[in-house]
Amino acid sequence: MSLIFIGLSILLRGIELALVFSNHVLPFSLQDIWVSILIQDFTWIIYLLGLLLIIYLSLVFISVRFGKWLLQTLFSLLLLIHLTLIFYFFRTLLPLGKDLFAYSPEDLMLTVQASGQLNALTIGGLLVFLVILYGLFHFGTRFLNFSLKSYLAISASFLLLLIVYTFLPRVQNLYASEVEANIALNKSRYLTEESFDYYMYGGEYYFDFYLRSGTDDLVVEKEFLDDTYPFAHRAEYPDVLSPFFDSLTQAPNLVFIFLESFGKAYSGKDAYLGSFTPFLDSLEQHSLVWLNALSSTGRTFGLQPGVFGGLPFGEKGFLELFPEYPYHQTLLSILRDNGYETRYFIGADKNFDHVGPFIEYQEPVQFIDEKEFDSKYKRAPSNSGFSWGYADKELFENSLEKLPSSLENPQILIFQTQTSHDPYLVPEREYYSEKFENHLENYLNLSESQKEGYRSYQDIYMTILYADDAVRDFFKDFKKRPEFENSIFIITGDHRLPEIPMSSRIDRFHVPLIMYSPLLSRQAYFEGVSSHYEITPSILSFLEKQLAIQIPEIVTWQGQVLDTARFFQSRIAMPLMRNKNQLIDYIHGEIFLSDGQVFHVSEGLNIDPINSPDDLNRMIGEFEEFKNKNGYMVQTRKLLPPPVEN
C-alpha cells in the first residue's frame with residue numbers, strides 16, 4: 001500500500017505540474033525547480049510513511065484486518081485532500097495554509113459558493129475518486145506481492161536516501177518569485193506544517209519589546225509614550241501635499257475609490273504586464289501618482305484599517321478583533337470630530353470580513369451595501385447561483401442615486417468595488433471580449449504570439465477593463481454634482497490578484513495610488529516608496545496646515561507620510577501581511593525580509609536575493625519586535641489611551 005501511495009503521489013505531482021505549466025504563463029521552467037520539488041516530495045513522503053507505520057504497528061497486534069482497513073482509509077483520504085489542494089493551487093497559485101483557519105465557516109462557505117466549485121458534479125467526482133482510491137489500495141496489494149528481499153532492498157534504498165539527505169549541507173533556495181517557491185512546495189506538507197504551527201503556537205504571545213524612536217533613514221521621528229500602549233506616540237508629520245494644491249478656502253470632500261484586486265502590474269505607467277486601465281491612465285496625466293505604492297496586506301481584509309488608520313494587524317487582521325475593537329482613531333473619526341460626514345458604499349455584504357462593524361465604529365451617517373440596492377439592478381453574473389453582490393457599474397450608479405442631492409457638510413465618500421474578484425465573471429461578456437481583443441491590438445500593440453499569453457487570463461483582464469469603465473462612468477456622473485470642484489479623489493487597489501503569476505514576493509502588495517482633484521495646481525509622478533499607511537497622516541497634516549483642523553496629539557499611525565521624491569528611494573518601515581494568519585514579510589528602507597530571506601529593493605519595487613547575515617539579523621529583530629507589540633495589543637486591547645472624561 002505504501003508503494004501504491006508513493007506511485008499515486010508522484011502521479012498527482014505530475015498532474016499538478018502539467019496543469020500549472022500548461023495553463024499559466026510562467027517566466028521560468030520546470031528545470032529551474034525540479035531539485036526543490038524532489039526534496040519536498042521525498043522528505044514529506046518518508047516522514048508521512050514513518051508516521052503511518054507507527055500508527056499501523058500500534059494497531060496490527062490488536063487486529064490485522066482493522067490495521068489494514070485504517071491504512072487504506074488514511075491513504076485514500078490523504079490523496080483526496082491532496083487532490084483538492086492541487087486544484088486550489090492551480091486556480092489561485094497560492095498554497096492553502098494557516099489562512100484556512102482565519103475565516104469563519106460562513107465566510108468560507110460564501111467564498112466556495114462564489115467560486116462555483118461547490119456543485120453536484122465536483123462533489124460526485126470527489127466521491128468517485130475516493131472509491132477508486134480505496135479500490136486501488138484494496139486490490140493493489142494482491143498484485144504487488146514482492147519477496148522479502150525485494151521489500152528489504154526497497155526499504156534500504158529509501159533509508160540510504162534519507163541518510164544522505166539528512167547529512168547533506170542545507171542550501172537555501174533564494175527565490176525572488178513567490179510563484180516559483182509555491183510551485184515547488186508539496187501542498188499537503190505545507191498545509192500540515194501550517195496547521196501544526198497554528199494549533200501548537202497560534203495562541204502564544206511574547207511581550208519582550210522595547211520602544212525605539214524612528215531612525216534617521218525614515219521620514220518621521222516618533223516619540224513613543226510607554227510600554228502600556230506600545231503603538232501610541234507623538235510625532236510631527238510634515239505636510240507634503242500643500243505644494244501641489246491651490247490654497248484651500250473651505251474643507252474639501254474626500255472621495256475614496258477602492259478597486260478590488262487592482263495591482264500595479266496591469267494598471268498605469270510602467271505596468272510590466274501592460275496597462276488594462278485606459279481611463280485611469282488618462283486620469284494619471286492630471287494627478288499625483290505614486291508609482292511604488294504598497295498595500296499593507298495581500299488580501300482585502302487589511303484595506304480599511306490600513307488606509308484609514310495605519311492600524312496593526314492583530315492575529316488575523318485588525319477587522320478580526322471584532323467585537324472587542326481596542327479604542328482607536330482613524331481618518332474617519334478624526335474628521336468626523338471636525339465636521340465631516342462619512343458615507344460608505346459597497347456592492348457586496350458589508351459584514352464579510354467584519355468590514356461593517358469596523359466602519360460602524362467610525363459612526364458614518366450612511367452605509368449602503370447589497371441589501372439596499374434598488375430592485376431595478378441585477379446582481380453580478382454567477383456560475384453557481386451565488387454571487388458576491390452587484391457589479392461595479394451598478395455600485396456607482398446606485399450609490400450616486402442614494403447620495404443626497406444637497407450636502408451641507410464636507411464629505412468622506414467611500415466606494416468599494418468587487419467585480420474583479422474570483423470567479424471573474426464580467427457583465428456584458430460579448431462586449432468586453434471584443435474590447436479585450438481590441439485592447440491587445442490597439443492599446444498594447446502586441447504581436448499575435450504575445451497575445452496568446454494574455455488570452456490565458458482573458459476573463460480576469462476583462463474584469464479589469466470593466467472596472468476601469470465603471471470608474472470612468474462614475475467620474476462622468478460625479479462631475480455633474482456641485483461638490484465635484486471641491487473634492488479630492490484617492491484611488492487605490494486593495495492588493496494585486498494572485499491568479500496571474502506574480503513577478504516577485506513583493507508584487508502582491510504593489511498597487512496603484514492616484515490622487516486627483518480639480519484643486520491640484522500641477523501633476524506629478526513620484527518614485528519614493530509609499531503605502532496605504534501613509535495616506536491618513538499625509539491627509540491630516542495637509543488639512544491641518546491648510547484649514548487648521550484639530551488633530552490628536554497622540555496617534556498610532558504605523559506609517560510615515562507619502563514620499564514625493566521624483567527618484568527611487570525607500571524611507572518606510574512596515575510589516576506586510578500576505579494572508580490572514582500569515583505574517584512573514586517586512587520592509588525597512590531598501591531591504592525586504594520575506595519568509596526568512598532578505599532581498600534588496602530597487603526601482604520599480606524589483607527585489608533581488610542577497611546574502612547578508614547582518615541585514616537578516618537586523619530585520620528579524622525589528623520584525624519580532626513588531627510581532628511582540630502586536631501580540632501584546634491582541635491580549636490587552638491597549639492600542640490608544642482613551643480620552644479622559646471631564
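Just so it is clear, the model here is predicted, and its values are computed rather than measured.
Ring pair Phe262/His495: centre-to-centre distance not below 6.0 Å. Between Tyr454 and Tyr461, a ring centre-to-centre spacing shorter than 6.0 Å is recorded.
Checked against salt bridge (Lys or Arg N to Asp or Glu O under 4.0 Å), Glu603 has no partners two or more places apart in sequence or in another chain. Shown here are the side-chain contact (heavy atoms from CB on, under 4.5 Å) partners of Leu17, two or more places apart in sequence or in another chain: Arg13, Phe21, Leu30, Ile37, Ile183.
Remark: Lys629 is positioned above the aromatic ring of Phe231, its terminal NZ or CZ atom under 6.0 angstrom from the ring centre and at most 45 degrees off the axis. Under the 6.0 Å distance and 45° angle rule, Lys627 counts as a cation-pi partner of Phe623. Note that Lys187 lies in the cation-pi zone of Phe89, set by a 6.0 Å cut-off to the ring centre and a 45° limit from the axis.
Using modelled atom types, one finds a donor on one side chain and an acceptor on the other under 3.5 Å when comparing Thr277 with Ser267. No hydrogens or angles considered: a donor-acceptor pair under 3.5 Å links the side chains of Gln416 and Gln304. Checking His532 against Thr492 by side-chain atom types alone, a donor-acceptor pair falls below 3.5 Å.
Remark: the backbone N or O of Ser261 is paired with a side-chain donor or acceptor of Asp494 at under 3.5 angstrom. Judged by distance alone, the side chain of Ser275 and the main-chain N or O of Ala271 form no donor-acceptor pair under 3.5 Å.
Side-chain contact between His588 and Arg618: present, with at least one pair of heavy atoms (C-beta onward) separated by less than 4.5 Å. You'll find the side chain of Asp507 stays beyond 4.5 Å of the side chain of Lys264, heavy atoms only. Leu294 places a side-chain heavy atom less than 4.5 Å from the side chain of Val529.
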(request) Check the pair Asp353 / Lys580 against salt bridge (Lys or Arg N to Asp or Glu O under 4.0 Å), numbers first and verdict last. (result) CA-CA 11 Å; Asp353 269 344; Lys580 294 183 180 182; 2.6 Å; yes
(message) Assess the residue pair Tyr586 and Met619 against the criterion (side chain to side chain contact (heavy atoms under 4.5 Å, CB included)); give the C-alpha distance rounded to whole Å, side-chain angles, the decisive distance to 0.1 Å, and a yes or no.
(response) CA-CA 8 Å; Tyr586 180 80; Met619 294 289 282; 3.5 Å; yes
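Within 6.0 Å of OH in Tyr272 there are more than 12 heavy atoms belonging to other residues, nucleotides or ligands.
Of all the heavy atoms in Leu291 and His510, the pair that sits closest is O-NE2, 2.8 Å.
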